[in-house]
Amino acid sequence: QVQLVESGGGLVQAGGSLRLSCADSGRTFSSYTMAWFRQAPGKEREFVVWISWNGWSGYSTYYADSVKGRFTISRDNTKNTVFLQMNSLKPEDTAVYYCALTPEEYSIGSYYSTLPRKYNYWGQGTQVTVSS
């Protein structure tokens, strides 16, 4: 049973930083893509970033244009945890942030990798609020 547990959300002023964590357990597949999505009130869930591992040659990452240069995704294999470092936060970054996991390995720029329905497992979400 795969479980994803997010942490690290909170309230921050515009221009500030937060780091989100997503710990996975029960994963039995070696290749995967772990993504962060976010959903603001009244809006659809949108793709933020993913990190993909093919099981042997290393990681690749892919960012939405809206967060490129401000957010950084990384992974600590020893802790089975993915981190999302969010800098230069803006009020429009306010949303519930979800981590999601799929056994699929995607290529950078893949449209399908940005679709929530392509991910099999989801965390419970963590609220990020950026005040102006």
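The structure presented is a predicted model; accordingly, all values stated were derived computationally and were not measured. Quick note: residue numbers are just sequence positions, from 1.
Side chains of W50 and S113: a donor-acceptor N/O pair is present below 3.5 angstrom, by distance only. Counting only N and O atoms by type, the side chains of T94 and E92 include no donor and acceptor under 3.5 Å apart. Residues T81 and D76 have side chains that never bring a donor and an acceptor to within less than 3.5 angstrom of each other.
Between P103 and N120, the shortest heavy-atom contact is CD-OD1, 3.1 Å. When all heavy atoms of Q85 and S17 are compared, the closest pair comes out as NE2-CB, 3.9 Å. Closest of all the heavy-atom pairs between C99 and E6 is N-OE2, 2.7 Å.
Atoms OG1 and CH2, from T102 and W122 in turn, are 10.5 Å apart once rounded to the nearest 0.5 Å. Rounded to the nearest 0.5 Å, atoms OH (Y106) and OH (Y112) are 10.0 Å apart. Annotation: the span from F83 atom CZ to M34 atom CE amounts to 11.0 Å, rounded to 0.5 Å. Residue I108 holds its CD1 atom at 6.0 Å from OG1 of T61, rounded to the nearest 0.5 Å. With rounding to the nearest 0.5 Å, the separation of CZ in R38 from CD in E44 is 14.0 Å. The structure places NZ of K90 at 4.5 Å from CZ of R70, a figure rounded to the nearest 0.5 Å.
Under the side-chain contact (heavy atoms from CB on, under 4.5 Å) criterion, W53 pairs with Y32, Y59, sequence neighbours left out. Evaluation of the side-chain contact (heavy atoms from CB on, under 4.5 Å) rule for S30 yields no partner, not counting sequence neighbours.
Side-chain contact between N80 and R27: present, with at least one pair of heavy atoms (C-beta onward) separated by less than 4.5 Å. A heavy-atom distance below 4.5 Å is found between the side chains of V128 and L20. Put simply, the side chain of T126 does not reach to within 4.5 Å of the side chain of V96, judged on heavy atoms. Between M86 and Y97, the closest side-chain pair of non-hydrogen atoms falls below 4.5 Å. Two residues are said to be in side-chain contact when any heavy atoms from C-beta on lie closer than 4.5 Å; I73 and V82 meet this criterion.
Taken together through direct or relayed side-chain contacts under 4.5 Å among Ile, Leu, Val, Met, Phe, Trp and Tyr, V130 and F37 form parts of separate hydrophobic clusters. Side-chain heavy atoms closer than 4.5 Å link hydrophobic residues (I, L, V, M, F, W, Y) into clusters, and following such links, even through other members, never connects Y62 to V67.
S88 places no side-chain N or O within 3.5 Å of a backbone atom of G15 that could act as its donor or acceptor partner.
Ion pairing between D24 and R75 holds under the 4.0 Å rule for side-chain N and carboxylate O.
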**Message:** Let's go through F71 and W36 carefully: what are the C-alpha distance in whole Å and the side-chain angles of both, what is the deciding distance for ring-ring contact (aromatic ring centres under 6.0 Å, His included) to 0.1 Å, and is it a yes or a no?
**Reply:** CA-CA 11 Å; F71 291 11; W36 287 95; 9.9 Å; no

**Request:** Would you please test L84 and T72 for side-chain contact (heavy atoms from CB on, under 4.5 Å) and show each step?
**Result:** CA-CA 6 Å; L84 181 62; T72 303; over 6 Å; no

